[in-house]
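Naming convention: chains lettered A, B, ... in sequence-line order (proteins, then strands); numbering from 1 in each chain. Computed from heavy atoms alone, side chains included, the values below leave out hydrogens, waters and symmetry copies.
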Protein chains: 2
Amino acid sequence: MLTYLFIHLILQAKDKLIAHLRGIIQLSPNDEVIVRNSFKEICLAKKEVLLFTGEISSHMQFISEGCLRAYYMDEEAKEHIVQFGIEGWWVNDLYSYLTNTPAKQFVQALEKSTVLQIHRDTLNSLYNEVPAIERFFRLKFEKAYVAFQYRTIDAMAKTAEERYLEFRAKYRDIEQRVPQYMVASYLGITPEFLSALRKNLK
Amino acid sequence: MLTYLFIHLILQAKDKLIAHLRGIIQLSPNDEVIVRNSFKEICLAKKEVLLFTGEISSHMQFISEGCLRAYYMDEEAKEHIVQFGIEGWWVNDLYSYLTNTPAKQFVQALEKSTVLQIHRDTLNSLYNEVPAIERFFRLKFEKAYVAFQYRTIDAMAKTAEERYLEFRAKYRDIEQRVPQYMVASYLGITPEFLSALRKNLK
DNA sequence: CAATAATCTTAAGGTGGTTTAAGAAAGTAG
DNA sequence: CTACTTTCTTAAACCACCTTAAGATTATTG
């Protein structure tokens with residue numbers, strides 16, 4: 001019975017991944033088998049760290065359950081959140097992954113979470129075996145790139161208040177799951193200023 | 001004789017593109033022919049605009065000669081430079097290109113320039129005919145994404161002075177080709193402040 | 001070479017956001 | 001249900017960068 005439940009959970013997580021991929025590309029039944037076998041499941045407790053600064057990130061990671069953050073620490077040991085991720089998102093220190101160099105970011109679970117990992121070498125083979133996967137990641141990076149470009153433009157041209165309102169409109173689900181000081185960190189302001197700013201809105 | 005020179009120039013531009021692609025992926029002689037026939041050459045005078053706000057960007061554009069910028073205008077009609085590009089770079093309003101929606105950015109030549117264009121439909125077919133091209137753009141977007149991520153992180157965590165020094169170290173060639181107030185715009189500061197900042201450095 | 005346009009500098013006063021420090025409120029474990 | 005930790009708020013002094021306005025320098029064009 002316990003085994004049944006365990007296997008059931010694994011299938012659930014991979015089912016989500018397959019559904020996620022099928023939302024963007026086409027996979028034959030054979031492709032699906034190959035893809036399923038290429039990922040392994042990792043369970044994380046709340047606050048558990050998936051990637052430490054200094055380690056080399058060697059996996060792409062799909063969140064099938066829970067909530068994580070990627071952040072780095074500056075010279076003064078202050079944390080700066082680069083990205084949040086919830087179910088259906090990918091999180092990583094991509095620079096480390098892509099260049100095979102030590103990570104500058106941490107990746108940490110903010111809730112009990114389940115992620116699916118694929119090793120760089122496995123993914124690089126998969127690009128040849130299942131070309132649709134290469135297409136998936138080309139499209140993914142295109143989208144991620146323009147999203148980041150707009151975030152950069154926003155960050156430079158808009159006030160903290162405008163950015164906060166946009167964040168709230170766009171990521172209501174995330175705002176309700178993470179502490180306010182982390183939202184401040186993501187927006188690039190102090191928690192004190194976010195607090196003051198929120199007071200003015202009401 | 002004139003015809004000879006003209007053809008010669010076209011070949012030069014496309015040669016640069018092929019060399020650029022071959023720096024990252026492998027192309028068979030047949031692939032090369034297909035790729036060459038997929039791009040068309042555009043010559044731009046100084047200050048000529050290649051893409052206007054409101055138009056839909058339908059081409060990917062490789063700079064084979066010259067210098068361009070992508071910028072947008074805010075509500076107060078102030079210009080904000082998103083990207084510079086010189087020989088060997090790609091410039092575009094990618095959001096417009098990828099989503100088939102009206103551009104929010106202008107793309108303009110800052111010098112007499114030559115670009116090679118490929119239409120979205122042609123490129124999408126090319127992804128099927130020459131899979132190496134799909135790989136090229138996956139790698140390109142991966143790299144562009146992490147570069148932009150680091151620019152965003154920089155913009156939020158560092159002072160204008162630090163960002164200027166980094167820009168200068170990284171893009172010395174660009175700094176020498178564009179006016180200082182455009183560098184200020186790219187860095188997200190006023191030209192007056194950049195001027196004051198430079199004074200303090202000496 | 002003169003005239004005009006484009007770019008860069010200087011300086012004074014203003015604003016958005018930070019820092020520091022303290023206390024209040026809300027979660028969580030024992 | 002108490003004690004402790006985490007998170008949020010308030011307020012004052014401070015700093016990075018902006019705005020405005022004017023003049024100085026450097027290109028560009030006729």
Side-chain angles (χ1 to χ4, degrees), chain A residues 45-49 67 69 71 73-81 84 106 108-112 152-168 174-202, chain B residues 45-49 67 69 71 73-81 84 106 108-112 152-168 174-202:
Chain A
K46 184 172 179 172
K47 297 196 182 179
E48 191 172 341
V49 173
C67 181
R69 64 168 175 159
Y71 67 98
M73 288 174 77
D74 65 20
E75 312 78 48
E76 292 136 17
K78 263 184 269 179
E79 295 179 0
H80 298 263
I81 295 182
F84 290 115
F106 293 86
Q108 184 194 34
L110 299 178
E111 306 171 354
K112 184 172 180 306
T152 300
I153 289 172
D154 265 29
M156 296 186 127
K158 297 190 177 163
T159 65
E161 181 171 322
E162 292 172 310
R163 278 181 278 144
Y164 172 62
L165 289 172
E166 273 183 30
F167 176 83
R168 228 168 58 164
I174 292 180
E175 200 203 359
Q176 262 134 32
R177 287 165 77 167
V178 306
Q180 191 175 303
Y181 74 88
M182 289 194 186
V183 175
S185 172
Y186 178 85
L187 293 174
I189 58 177
T190 58
E192 293 84 354
F193 189 63
L194 179 55
S195 178
L197 185 161
R198 279 164 54 90
K199 194 182 167 190
N200 283 333
L201 290 177
K202 294 165 203 165
Chain B
K46 185 172 180 175
K47 298 199 180 174
E48 191 172 341
V49 173
C67 181
R69 62 167 176 160
Y71 67 99
M73 288 173 77
D74 65 19
E75 312 79 48
E76 291 137 18
K78 263 184 268 178
E79 296 179 1
H80 298 263
I81 295 182
F84 290 114
F106 292 85
Q108 184 195 31
L110 299 178
E111 306 172 355
K112 185 173 180 306
T152 300
I153 288 172
D154 266 28
M156 295 185 127
K158 299 190 176 164
T159 66
E161 180 171 323
E162 290 172 311
R163 278 180 279 144
Y164 172 64
L165 289 173
E166 273 182 30
F167 176 83
R168 228 168 59 163
I174 292 180
E175 199 203 359
Q176 262 135 31
R177 288 165 75 167
V178 306
Q180 192 175 303
Y181 73 89
M182 290 195 186
V183 175
S185 172
Y186 178 85
L187 294 175
I189 59 177
T190 58
E192 293 86 352
F193 189 62
L194 178 55
S195 177
L197 186 162
R198 278 164 55 90
K199 192 181 168 191
N200 282 331
L201 290 176
K202 293 165 202 164

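Among A/Phe84, A/Tyr186, A/Tyr164, the single residue meeting the side-chain contact (heavy atoms from CB on, under 4.5 Å) criterion with A/Glu175 is A/Tyr164. Screening B/Arg177, B/Lys46, B/Lys47 for a salt bridge (Lys or Arg N to Asp or Glu O under 4.0 Å) with B/Glu111, the sole residue that qualifies is B/Arg177.
Within the 4.0 angstrom heavy-atom criterion, base atoms lie near A/Ser195. Across all strands shown, B/Lys158 has no heavy atoms under 4.0 Å from either base or sugar-phosphate atoms. Across all strands shown, B/Ala160 has heavy atoms under 4.0 Å from sugar-phosphate atoms exclusively, and none from any base. Among the heavy atoms of the strands lying under 4.0 Å from B/Tyr181 are primed sugar atoms or P, OP1, OP2 only; no base atom is included.
Rounded to whole Å, the distance from CD on A/Glu79 to P on D/dT6 is 12 Å. Across the protein-nucleic acid pair, A/Asp74 atom CG and C/dT18 atom P stand 13 Å apart, rounded to whole Å. Taking atom CD on A/Glu111 and atom P on C/dG27, their separation rounds to 15 Å, with Å as the unit. As rounded to whole Å, 15 Å separates atom P of D/dC15 from atom CG of B/Asn200. For B/Leu197 and D/dC17, the CG to C1' distance is 10 Å, given to the nearest whole Å. For B/Met182 and C/dA6, the CE to P distance is 11 Å, given to the nearest whole Å. The CZ-P distance, from A/Arg177 to C/dG27, rounds to 17 Å in whole Å. One can place CD of B/Glu76 at 8 Å from P of D/dT19, the figure rounded to the nearest angstrom.
OP1 or OP2 of D/dT19 has at least one side-chain nitrogen or oxygen of B/Lys78 nearer than 4.0 Å. Residue A/Thr190 has a polar side-chain atom (N or O) positioned under 4.0 Å from OP1 or OP2 of C/dT18.
Among the nucleotides D/dC17, D/dT7, D/dA11, the one closest to any side-chain atom of A/Lys199 is D/dA11. Side chain of A/Glu192, nearest nucleotide from D/dT10, C/dA11, D/dT19: D/dT10. Distance from the side chain of B/Ile189 is smallest to D/dC17 among C/dT19, D/dC17, C/dT9. When distances are taken from the side chain of B/Arg198 to each of D/dT7, C/dT9, D/dC18, the shortest belongs to C/dT9. Comparing C/dC8, D/dT9, D/dC17 against the side chain of A/Gln180 picks out D/dT9 as the nearest. Listed nucleotides C/dG17, D/dT28, C/dT9 differ in distance to A/Arg163; the shortest reach to its side chain belongs to C/dG17. Counting only heavy atoms from C-beta on, A/Pro179 has its side chain closest to D/dT7 among C/dT19, D/dC17, D/dT7.
Not a single donor-acceptor pair under 3.5 Å links the side chain of B/Gln108 to the backbone N or O of B/Glu48. Without hydrogens or angle criteria, B/Glu166 side chain to B/Arg163 main chain gives no donor-acceptor distance under 3.5 Å.
Residue order along DNA chain D, read from the 5' end via each residue's closest nucleotide, puts A/Lys47 first among B/Leu194 and A/Lys47.
Minimum interatomic distance between B/Ile81 and B/Tyr71 (heavy atoms only, all atoms of both residues): CA-CB, 3.8 Å.
Residues B/Arg69 and B/Glu79 are paired through a salt bridge, judged by an N-O separation under 4.0 Å between the basic side chain and the carboxylate.
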